[in-house]
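Worth knowing before you read on, the calculation uses all heavy atoms, side chains too, and leaves out hydrogens, waters and symmetry mates. Atoms within each ligand, like the ligands themselves, are counted from 1 in listed order. Residues: numbered from 1 along the sequence shown.
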Amino acid sequence: MRLTAEEQKMLDGAYGETVKRSMKVLVALGEIYGADHMIEIKNVHSPGVSYRVAGNAGLGYVEDASKDATFRVPLTLNTIGIDAQDWEKIGFPEEFARKQLELSEAYERMGAIPTNSCTPYLNGNLPMFGEHVAWGESSAVAFVNSVIGARTNREGGPTALAAAITGRVPAYGYHLDENRKGTHLIRVEMELKTDKDFAVLGYFGGKLAGKDVPVIEGITRRPTLENFKALGAALASAGAVALYHVVGFTPEAPTRQAVIGDDVEPVIFDQAAYDKVCAKFSLKGNVDFVVLGCPHVSIVEFEEIANLVRGKKLKSALWVCTSRMVRDLADRMGFVKDIEDAGGEIVCDTCPVLCATLTQRGYKTVATNSGKMAHYAPGLWKLQPVLLNTWECIQTAIDGKWGE
Ligand code: F3S
């Protein structure tokens, strides 16, 4: 691989052992994928920062790195394993919380920005079209590649760390024009109205495309940021989609021809396909737990939830997961009080998928508007899921049940 003089200095150890080790990791990665040079990146969004994912091995690795390295580019932290302020109130175990805080502090010693969120683009890390970045967290990667048109591969914790320490990534994968074209074509033949509809389309597309690049045509109404958030999270979890295009609405797909050839046969997403996905997540009866905020809720979603619960009393537990920044804004607007008065909990920094544990709560069933949460809930916590839109989720929380 061709390295610049500066990159060679990093590899030769001129900036210390951690920088040297990081550059070695990236060179080895580049050689595996046939990269012939490095690319300078603007920023990093680091996954693998929940202690439940990192474990003691990850904690030791990051603590070691923090002894002699700092970040060359800004790095925001993904969702961690606890609410960093209210972990005791929520009931996360003390030993886990202590380890999580040590891990977060090690990142912060190197300069990490403690956003603790899977929506860094709502919390100050908003790349521009065409910029090269190194992001992890599947839903955030899908968003930044597809909706913004910045360029990243799906980084893991160690490669994101190495990228932040060196400010470089090897030039391969979605950093290159030739890998950003579509591979599968989906034609939408129904109207998409709610967040659930976009989650269901995402689930369908993820199963179809796997780790490739779906192109979606036939959407007639401009999707909102929240719609894209729901779509990308489901694409990235039902499959491993890191980049998708929506013809007419995402920046690299002004036309179908710009992203996929004319000779590709479309797969149809219609009411029958929609119903088939919904049938997988169709629990009826008592619902213990309702989760909104996967990915973390925006201030717009916060307001919608507050309007729906204001003056009501909830029978099911409700978690609204978000970042601390968005929560603080919602607090100033009175939305936190509305939700807490109804009996809901605002959970910052974490989520049911990455948190320390949920077993202490004994839930058996979950309602959510997230395709990603519905996908992971059974395997992670043995929760039977039902996928609903936001209004239906809140109605379920009020009634304590769905569909009876
Ligand atoms: Fe975010 Fe957790 Fe969902 S990290 S996308 S809320 S699984």
Could you tell me which atoms of ligand 1, counted from 1 in the order shown, lie closer than 4.0 angstrom to a heavy atom of [X]?
X: S139; value: 5 (S)
X: C118; value: 1 (Fe), 4 (S), 5 (S), 6 (S)
X: L354; value: 4 (S)
X: E137; value: 4 (S), 5 (S)
X: V353; value: 7 (S)
X: T79; value: 4 (S)
X: G293; value: 6 (S)

So which atom in [X] and which in [Y] form the shortest heavy-atom distance, rounded to 0.1 Å?
X: L185; Y: R256; result: CD2-NH1, 3.4 Å
X: Y51; Y: Q100; result: N-OE1, 2.7 Å
X: S323; Y: H296; result: N-ND1, 3.7 Å

Would you say the rings of F289 and W319 are close, in the sense that their centroids are separated by under 6.0 Å?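 Yes, the ring of W319 comes within the 6.0 Å limit of the ring of F289, centre to centre.
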
Are F228 and F143 near enough that their ring centres are under 6.0 Å apart?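 They do not qualify: ring centres at least 6.0 Å apart.
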
Whether C294 has an N, O or S atom under 2.8 Å from atom 3 (Fe) of ligand 1: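 Short answer: yes, at least one N, O or S atom is under the cut-off.
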
M373 near ligand 1 by a heavy-atom separation under 4.0 Å: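 No, that is not the case, since the closest heavy atom of the residue is not under 4.0 Å from the ligand.
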
Any non-hydrogen atom of A233 lying under 4.0 Å from ligand 1?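 The answer is no: ligand 1 sits nowhere under 4.0 Å from a heavy atom of A233.
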
Any N/O/S atom from C351 (main chain or side chain) under 2.8 Å of atom 1 (Fe) of ligand 1?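 Coordinating: no.
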
Should we say atom CD of Q257 is surrounded by more than 12 heavy atoms from elsewhere, each under 6.0 Å from it?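 More than 12 heavy atoms, drawn from other residues, nucleotides or ligands, come within 6.0 Å of this atom.
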
Salt bridge between D399 and K315, side-chain N to carboxylate O under 4.0 Å?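 Answer for the salt bridge query: no.
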
Charged N to carboxylate O below 4.0 Å: is that the case for E303 and R310?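 Result for this pair is no, no salt bridge flagged.
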
